Amino acid sequence: MNIKDELIKSVGAAEDIRLNDVEMNPLNVKAVMINEVVPFDSSNDFYGGANADYMKTTIPLFQNAGLLVYSIDDILNLGIYITNAVKIPKTESAVDKSCIEKSLPYLEKELSLFPNVRVIMLMGDVAKKSFNMISKKASKKNAVPAVSTYKLRGSEIFYRDMRIMPSYIMTGGNLLIEKSKSLMTSEDIAVMAELIK
């Protein structure tokens, strides 16, 4: 299945929406990692190519978690699918709420494509907010408590029999500065990898 084609078929096409153009078997996916927002340049996204900026930070996080990965294909082969909550590139430092709302139908449908998911990792506050919007629509309540990520790490949060793991953003230059968050993200990835074995 091509994820982009499936989402366009189900939700429709929109000029400013960026979707993962990746061919895969959705039955193999056991974990989904939701990053915050697509990059301005699609070639820097997770499925954008060998030198994509997003992979320059993501691969070391996986390697520091003890996983031998060198590409997005290696991550997919582990049963882990990575996507972005917001499918529209941000033009300011903060992500506009309207962009989250416009992207939500795509993210919601995207998550429904994977029937064997056991873990969803929310990589940053925008991912957490987006997922809560989906869960609130379905169950009238937030799946993830509205508290700081550091207070939630290690908590066992479940939504529809899936473990929900709030963690930190996995892309961008801040990872080079905030070494402690990078370390905690790798620790969370290691936990996720154990849960889906």
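Remember, predicted model here, so these are calculated numbers, not experimental data.
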Could you check whether any side-chain heavy atom of [X] comes within less than 4.5 Å of a side-chain heavy atom of [Y], counting everything from C-beta outward?
| X | Y | answer |
| --- | --- | --- |
| Ser103 | Ile88 | yes |
| Met1 | Met24 | no |
| Lys4 | Val22 | no |
| Ile134 | Leu104 | yes |
| Val29 | Ile80 | no |
| Thr58 | Ile75 | yes |
| Lys87 | Leu7 | no |
| Met170 | Phe46 | yes |

**Of all pairs that satisfy salt bridge (Lys or Arg N to Asp or Glu O under 4.0 Å), the ones with a partner from residues 159-172, not counting sequence neighbours** = none

**Prompt:** Which pairs, with at least one residue in residues 15-40 and sequence neighbours excluded, count as a salt bridge (Lys or Arg N to Asp or Glu O under 4.0 Å)?
**Reply:** Asp16-Lys102

Just how far is it from atom [atom1] of [X] to atom [atom2] of [Y], taken to the nearest 0.5 Å?
| X | Y | atom1 | atom2 | value |
| --- | --- | --- | --- | --- |
| Met165 | Thr185 | CE | OG1 | 10.0 Å |
| Thr149 | Met184 | OG1 | CE | 9.5 Å |
| Lys181 | Ser186 | NZ | OG | 14.5 Å |
| Asn20 | Asn2 | CG | CG | 9.5 Å |
| Leu67 | Asp74 | CG | CG | 10.5 Å |
| Arg153 | Ser167 | CZ | OG | 6.0 Å |

**Complete:** So the ring-ring contact (aromatic ring centres under 6.0 Å, His included) pairs with at least one residue in residues 117-169 (sequence neighbours excluded) are Phe131-Tyr159

For [X], what residues pass the side chain to side chain contact (heavy atoms under 4.5 Å, CB included) criterion, not counting sequence neighbours?
| X | result |
| --- | --- |
| Pro105 | Val11 |
| Pro60 | none |
| Asp41 | Ser43, Asn44 |

**Complete:** For Thr91, the side-chain hydrogen bond (donor to acceptor under 3.5 Å, both in side chains) test, sequence neighbours excluded, returns none

**Message:** If the condition is side-chain hydrogen bond (donor to acceptor under 3.5 Å, both in side chains), which residues does Ser10 pass it with, not counting sequence neighbours?
**Reply:** none

Indicate every side-chain donor-acceptor pair of residues 111-123 with a distance under 3.5 Å to a residue at least two apart or in another chain.
{"residue": "Ser112", "atom": "OG", "partner": "Lys109", "partner atom": "O", "Å": "2.6"}
{"residue": "Asn116", "atom": "ND2", "partner": "Leu27", "partner atom": "O", "Å": "2.8"}
{"residue": "Arg118", "atom": "NH2", "partner": "Ile196", "partner atom": "O", "Å": "3.0"}

**Asked** Under the 4.5 Å side-chain heavy-atom rule for ILVMFWY, direct or indirect, which residues accompany Leu183?
**Response** none

**Message:** Side-chain heavy atoms under 4.5 Å apart, restricted to Ile/Leu/Val/Met/Phe/Trp/Tyr: what other residues fall into the cluster of Tyr70, or is it alone?
**Reply:** Leu68

**Request:** Not counting sequence neighbours, list each pair that qualifies as a side chain to side chain donor-acceptor pair (under 3.5 Å) and has a residue in residues 120-146.
**Result:** Glu108-Lys137

**Request:** Decide yes or no on side chain to side chain contact (heavy atoms under 4.5 Å, CB included) for Leu76 and Ile82, but give the supporting numbers first.
**Result:** CA-CA 8 Å; Leu76 286 170; Ile82 305 176; over 6 Å; no

Over all heavy atoms of both residues, which pair between [X] and [Y] is shortest? Give the atoms and the distance, please.
| X | Y | result |
| --- | --- | --- |
| Ala31 | Met192 | CB-SD, 3.6 Å |
| Lys197 | Glu194 | NZ-OE2, 2.8 Å |
| Tyr54 | Pro39 | OH-N, 3.3 Å |
| Met133 | Ile100 | SD-CG2, 3.6 Å |

**Prompt:** Does any donor atom in the side chain of Ser98 or Asp96 lie under 3.5 Å from an acceptor atom in the other side chain?
**Reply:** yes

**Message:** Walk me through whether Asn35 and Thr83 qualify under side chain to side chain contact (heavy atoms under 4.5 Å, CB included).
**Reply:** CA-CA 6 Å; Asn35 187 55; Thr83 193; over 6 Å; no

**Prompt:** Between Phe40 and Leu19, is there a shared hydrophobic cluster once you connect ILVMFWY residues whose side-chain heavy atoms come closer than 4.5 Å?
**Reply:** no

**Request:** Go through the steps for Glu6 and Glu110 under the test side chain to side chain contact (heavy atoms under 4.5 Å, CB included), then give the verdict.
**Result:** CA-CA 9 Å; Glu6 192 65 29; Glu110 193 172 21; over 6 Å; no

**Message:** Just to verify, which of Asp188, Leu61, Asn84, Ile189 counts as forming a side-chain contact (heavy atoms from CB on, under 4.5 Å) with Met33?
**Reply:** Ile189

